[in-house]
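Numbers here are sequence positions counted from 1. Please read these numbers as outputs of a predicted model, since none were measured by experiment. Just so you know, ligand 1 is whichever comes first in the structure, and atom 1 is the first atom listed for that ligand.
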Amino acid sequence: MKGVAVVDHPLVQHKLTLMRRKDTSIKSFRQLLKEIGGLLCYEVTRDLPLETVEIETPMQPMSAPQLAGKKLVFAPVLRSGMGMLDGMLELAPAARVAHIGLYREPATLEVVEYYFRSPLDLEDRPVIVIDPMLATGNTAIAAVDRLKEAGARDIRMACLLAAPEGISKFQGHHPGVRIWTAAVDQRLDDHGYILPGLGDAGDRMYGTR
Ligand code: URA
C-alpha cells in the first residue's frame, strides 16, 4: 500500500496480539502501548537527516553524525495518543510536544476540537502525529489540518492499527503524509470501530467506558 509502512517487526506484532486480547489488563495494555510507541518511533524517524560534526573522543578527534535541524515534535491526539507518547519520548527525550484535543461525536462521527497547544515554529520541525486507531480517518485528518494551519510542513502519522477505509480517506485529504502502523485490519463496523481491532483504545488504557 503506497504511503503506508506496516511495521512487521516480531516484537511489535507480538505486543499487538497481547493488546488485542480482550482479557489483557488495563495495566498491561498501557505498558504495551507505550512499548510499541517506542518501537514505532524508531521506524518513523528512520530517515531523519543527519549532519557531520567534529568531536573529540578520549582517543582522538573524529567527524561524527548527529541529528540535523530543529528538534522533533510529537503531536498526540488526546486521549489515546498519550499512550504512545512516553515510549516515543524515551527515544527522543528532547522532542517538543503538541497536544491536540479532538473527539468524535458518537452520532455523526464528526470531529470536534476542544484543545490545541503547540510549539510556535512548527514549519521548521518534523511533526509526528500520534493517534493509535486510524479508523474513519476523520480524527487524523482534522489533526493534520490543524497542524498544517499552525505551519507544519513535514508531517508523519504514527498509529497502532489502521482500517483500509481510514487509510484511503486520510490519503485523499493528505496525500503527502506517510503513515506508519503495526497492522492494517479488515474493516470498520457500523459505529466506526476497527474489526477485528482491539476495542476502544482510550477506554482500555484508562478503564473507562
Ligand atoms: N477508536 C478506537 O479506540 N477504536 C476503534 O476501533 C476505532 C476508533
Criterion side chain to side chain contact (heavy atoms under 4.5 Å, CB included) on Arg156 and Asp154, from CA distance to verdict = CA-CA 7 Å; Arg156 301 149 194 235; Asp154 174 357; 3.2 Å; yes
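Residue contact check: Gly192 has heavy atoms under 4.0 Å from atoms 7 (C) of ligand 1. In the vicinity of Asp200, heavy-atom distances shorter than 4.0 Å reach the ligand 1 atoms 2 (C), 3 (O), 4 (N).
No donor-acceptor distance shorter than 3.5 angstrom exists from the side chain of His174 to the backbone of Gly176, with no hydrogens or angles considered. Thr24 places a side-chain N or O within donor-acceptor distance of the main-chain N or O of Leu18, the cut-off being under 3.5 Å. Remark: side-chain polar atoms of Arg153 are paired, donor with acceptor, to backbone N or O of Glu123 under 3.5 angstrom. Under a 3.5 Å cut-off, the side chain of Thr181 and the backbone N or O of Leu160 do form a donor-acceptor pair. Not one N or O on the side chain of Glu105 forms a donor-acceptor pair closer than 3.5 Å with the backbone of Val111.
Ligand 1 is never approached by Pro132 to a heavy-atom distance shorter than 4.0 Å. Ligand 1 lies nowhere less than 4.0 angstrom from a heavy atom belonging to Ser80.
Of all protein heavy atoms, the one lying nearest to atom 2 (C) of ligand 1 is Met133 CG, 3.5 Å. In this structure, atom 4 (N) of ligand 1 lies nearest to the protein heavy atom Gly199 O, 2.8 Å. In terms of protein heavy-atom proximity, atom 6 (O) of ligand 1 is closest to Ile194 N, 2.8 Å. With hydrogens left out, the protein atom closest to atom 5 (C) of ligand 1 is Tyr193 CD2, 3.3 Å, a heavy atom. Nearest protein heavy-atom neighbour of atom 3 (O) of ligand 1: Ala201 N, 2.7 Å.
At a heavy-atom cutoff of 4.0 Å, ligand 1 is contacted by the side chain of Ala135 but not by its backbone.
Between Phe29 and Ala201, the shortest heavy-atom distance links the atoms CE2-O, 3.7 Å.
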